[in-house]
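Throughout, numbering of the chain's residues begins at 1 and tracks the sequence.
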Amino acid sequence: APAACAPCCGCERVAESPRVAVVTAVLDDLDARTLPSVVARLLALGALDVFVASGHGKKGRPALRLEVLAPDEPVRAALVDALFRETPTLGARWRWEERSTLPRRRREVQTAFGPLPVKEGWLDGVVVTCQPELEDCLVAAQAHGVPLRVVIQAALVAAGLHADTP
């Protein structure tokens, strides 16, 4: 099992606001091909996260619910502006919410597919969640001609964890 988290091991609370703006827009006429560029733009403007869910809008039309987290007022304003400029939405809602985050540590583990970074979440000095960085696992999977899930599992085992439990 991993050792207890201490300041000397590089574990620190990520510089994130405990209070975030949640910006929401429902898009019932967005060309789905543009969604990746919209998400990339929002992240580039400082969004902490972008979540997209499908559903149904007015008159039963297919729609997307776009939810974006902003760390502060200037970023919130920039995100709303981008939603108006980059999507066909005519409105966006926003509210402030409190949140809790875990102290995190990023470390490298050695696998048969090469070194891979994992991100650990700590609570009371113990790792309670650990996930390999997906993009790095994808590169390793492609380079070795194996399924992505095999590389992810190898990284979890190397981190001293199993896929379903910390």
Side-chain angles (χ1 to χ4, degrees), residues 12-106 113 116-123 127-143 145-156 159 161-166:
E12 59 187 46
R13 185 163 297 279
V14 174
E16 294 177 349
S17 171
R19 187 169 175 246
V20 293
V22 180
V23 179
T24 305
V26 176
L27 309 167
D28 63 358
D29 49 4
L30 177 74
D31 180 337
R33 296 172 298 176
T34 66
L35 187 58
S37 69
V38 170
V39 170
R41 177 77 174 133
L42 296 170
L43 291 169
L45 287 170
L48 299 172
D49 198 5
V50 179
F51 175 77
V52 181
S54 62
H56 292 87
K58 294 178 191 172
K59 302 178 185 175
R61 292 185 295 220
L64 297 174
R65 178 185 171 105
L66 195 66
E67 196 166 276
V68 187
L69 298 185
D72 55 37
E73 176 55 29
V75 172
R76 184 211 58 81
L79 295 173
V80 170
D81 183 73
L83 284 171
F84 287 137
R85 293 180 188 280
E86 307 226 6
T87 74
T89 192
L90 296 174
R93 294 178 298 283
W94 61 273
R95 65 190 180 281
W96 291 98
E97 290 186 0
E98 301 296 317
R99 72 175 184 163
S100 300
T101 59
L102 291 173
R104 298 173 197 173
R105 179 177 71 170
R106 185 180 161 144
F113 308 105
L116 293 169
V118 296
K119 187 174 4 177
E120 299 173 332
W122 292 74
L123 183 63
V127 174
V128 294
T129 185
C130 178
Q131 286 298 315
E133 294 291 350
L134 186 64
E135 293 81 12
D136 296 283
C137 289
L138 183 58
V139 168
Q142 291 171 341
V146 298
L148 176 58
R149 65 183 182 83
V150 171
V151 175
I152 290 171
Q153 181 64 32
L156 289 171
L161 304 171
H162 299 285
D164 297 329
T165 57

Does any part of the side chain of [Y], heavy atoms only, come nearer than 4.5 Å to the side chain of [X], both counted from C-beta?
{"X": "P88", "Y": "L30", "value": "yes"}
{"X": "E120", "Y": "L102", "value": "no"}
{"X": "L69", "Y": "V22", "value": "yes"}
{"X": "V128", "Y": "W122", "value": "no"}
{"X": "P117", "Y": "D136", "value": "yes"}

Interatomic spacing from [atom1] in [X] to [atom2] in [Y] - rounded to 0.5 Å:
{"X": "L42", "Y": "L66", "atom1": "CG", "atom2": "CG", "answer": "6.0 Å"}
{"X": "L64", "Y": "D29", "atom1": "CG", "atom2": "CG", "answer": "10.0 Å"}
{"X": "C137", "Y": "L156", "atom1": "SG", "atom2": "CG", "answer": "8.0 Å"}
{"X": "R19", "Y": "E97", "atom1": "CZ", "atom2": "CD", "answer": "10.5 Å"}

_Heavy-atom closest contact (G91 atom, T89 atom, distance)_ =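 Closest approach of G91 to T89: O-OG1, 2.7 Å.
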
*Taking all non-hydrogen atoms of both residues, which atom of P132 and which atom of V118 are closest, and how far apart?*
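Minimum heavy-atom contact is CA-CG1, 3.8 Å.
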
My understanding is that only residues two or more places apart in sequence, or in another chain, count here; which of them pass side chain to side chain donor-acceptor pair (under 3.5 Å) with [X]?
{"X": "E135", "result": "none"}
{"X": "D81", "result": "R85"}
{"X": "R65", "result": "E67"}

Result block: side-chain N/O donor-acceptor pairs under 3.5 angstrom for residues 43-55, not counting sequence neighbours:
none

*Just jot down the side chain to side chain contact (heavy atoms under 4.5 Å, CB included) partners of V150, sequence neighbours excluded, or say none.*
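If we apply the side chain to side chain contact (heavy atoms under 4.5 Å, CB included) test to V150, skipping adjacent residues, the hits are F113, P147.
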
*Restricting to pairs with a member in residues 31-46, which pass side-chain hydrogen bond (donor to acceptor under 3.5 Å, both in side chains), not counting sequence neighbours?*
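Listed once each, the pairs are D31-R33, R41-E86.
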
